[in-house]
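FYI, side chains are in, hydrogens and waters are out, and symmetry mates aren't considered; it's all heavy atoms of this structure.
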Amino acid sequence: MTLAVVAQRRMTLDEFLVWDDGTQRRYELIEGVPVMMAPANRRHRRIVINLAHILMGRLDPDSPFAVESEAGLIAPTIAQTWLEADVAVSDDPGIARQPMDRPVLIAEVL
C-alpha cells in the first residue's frame, strides 16, 4: 500500500504575519511551515504571569523597557522563522504581529 503525501508550500515571514486561519489558534513559523502552538495549561499561565509581574516590578517607571508576553521574535539564524516567547523585555514597544526588536531578556516556560 502506498500513501501519497501532499507537499506543503512554505510561507514567507511576510505571508505568515498577515495570514489568518480563521480560528483562535496560535502558530509559530518554523522554516516557512506554520506550527500550531499547544494551549498553555493553568500552571504555565500562572508562571508566566508571576514572572512578568516580578520583572515589571523591577523596572524603573521612567525606564524605556517594557515586559511583554507572547512576544513575537524573528530567529536570526533560521530563515522564515517566527517564534513567540512566553515573556520578553525590550525597549521597543512594538505593535501586534510585528517582531520585537532588541530584546534584552527572553524567557520560555518549559
Side-chain angles (χ1 to χ4, degrees):
M1 179 168 152
T2 304
L3 295 176
V5 177
V6 177
Q8 180 181 14
R9 185 181 78 75
R10 294 179 184 269
M11 288 180 146
T12 66
L13 186 55
D14 290 336
E15 290 171 328
F16 175 75
L17 292 175
V18 297
W19 174 65
D20 181 0
D21 76 342
T23 71
Q24 294 297 314
R25 296 178 183 138
R26 294 179 41 232
Y27 294 84
E28 291 182 317
L29 186 69
I30 310 296
E31 295 182 340
V33 178
V35 177
M36 188 171 57
M37 298 171 63
N41 63 34
R42 178 177 286 166
R43 186 173 173 197
H44 182 276
R45 291 190 307 264
R46 285 182 182 167
I47 293 168
V48 168
I49 289 168
N50 288 336
L51 177 59
H53 179 76
I54 290 166
L55 291 170
M56 288 172 27
R58 302 289 296 192
L59 291 176
D60 184 302
D62 296 325
S63 168
F65 291 93
V67 178
E68 276 188 47
S69 66
E70 301 176 7
L73 304 165
I74 295 175
T77 59
I78 308 170
Q80 305 306 327
T81 297
W82 169 276
L83 305 171
E84 287 195 11
D86 286 325
V87 178
V89 178
S90 173
D91 64 348
D92 171 43
I95 56 175
R97 297 292 282 181
Q98 295 298 317
M100 174 183 273
D101 287 333
R102 304 179 307 275
V104 295
L105 181 138
I106 300 169
E108 190 67 23
V109 177
L110 303 177

> Hey, any chance Ile30 and Phe16 share a hydrophobic cluster, counting ILVMFWY side chains that come within less than 4.5 Å of each other, even indirectly?
Replying inline: no

> With distance as the sole test, does Gln80 use its side chain to make a donor-acceptor pair with the main-chain N or O of Leu13 at under 3.5 Å?
Replying inline: yes

>> Holding to side-chain hydrogen bond (donor to acceptor under 3.5 Å, both in side chains), I want the full list of residues that pass it with Arg10, two or more places apart in sequence or in another chain.
In response: none

> Among Asp21, Val35, Val33, whose side-chain contact (heavy atoms from CB on, under 4.5 Å) with Tyr27 holds?
Replying inline: Asp21

> Hey, any chance Met56 and Ile49 share a hydrophobic cluster, counting ILVMFWY side chains that come within less than 4.5 Å of each other, even indirectly?
Replying inline: no

>> Does any part of the side chain of Val109, heavy atoms only, come nearer than 4.5 Å to the side chain of Arg43, both counted from C-beta?
In response: no

> So how far is it from Arg25 CZ to Asp20 CG, rounded to the nearest 0.5 Å?
Replying inline: 11.5 Å

>> As an exercise, state the distance from CD1 of Ile47 to CG of Asp86, rounded to the nearest 0.5 Å.
In response: 9.5 Å

> Do Val104 and Leu83 sit in the same hydrophobic cluster, where Ile, Leu, Val, Met, Phe, Trp and Tyr count as joined when their side-chain heavy atoms come under 4.5 Å apart?
Replying inline: no

> NE2 of His53: more than 12 outside heavy atoms within 6.0 angstrom?
Replying inline: no

>> Around atom CZ of Arg45, are there more than 12 heavy atoms from other residues, nucleotides or ligands closer than 6.0 Å?
In response: yes

> Minimum heavy-atom separation for Ala107 to Leu51, with atom names?
Replying inline: CB-CD2, 3.6 Å

>> Strictly distance-based, threshold 3.5 Å: is any side-chain N or O of Glu28 a donor or acceptor partner for the main-chain N or O of Glu84?
In response: yes

> Can you check whether Pro34 reaches Met11 side chain to side chain, under 4.5 Å on heavy atoms?
Replying inline: yes

> Looking only at heavy atoms, which two atoms of Glu108 and Ala85 are closest? And how far apart?
Replying inline: OE1-CA, 3.5 Å

> If we only count heavy atoms from C-beta on, is the Met37 to Glu70 side-chain gap below 4.5 Å?
Replying inline: no

> Are Val89 and Met100 co-members of a hydrophobic cluster defined by side-chain heavy atoms under 4.5 Å apart?
Replying inline: no

>> Do Thr81 and Leu29 have side chains that approach each other closer than 4.5 Å (heavy atoms only, starting at C-beta)?
In response: no

> Should Leu55 and Leu59 be counted in the same cluster of Ile, Leu, Val, Met, Phe, Trp and Tyr side chains packed under 4.5 Å apart?
Replying inline: yes

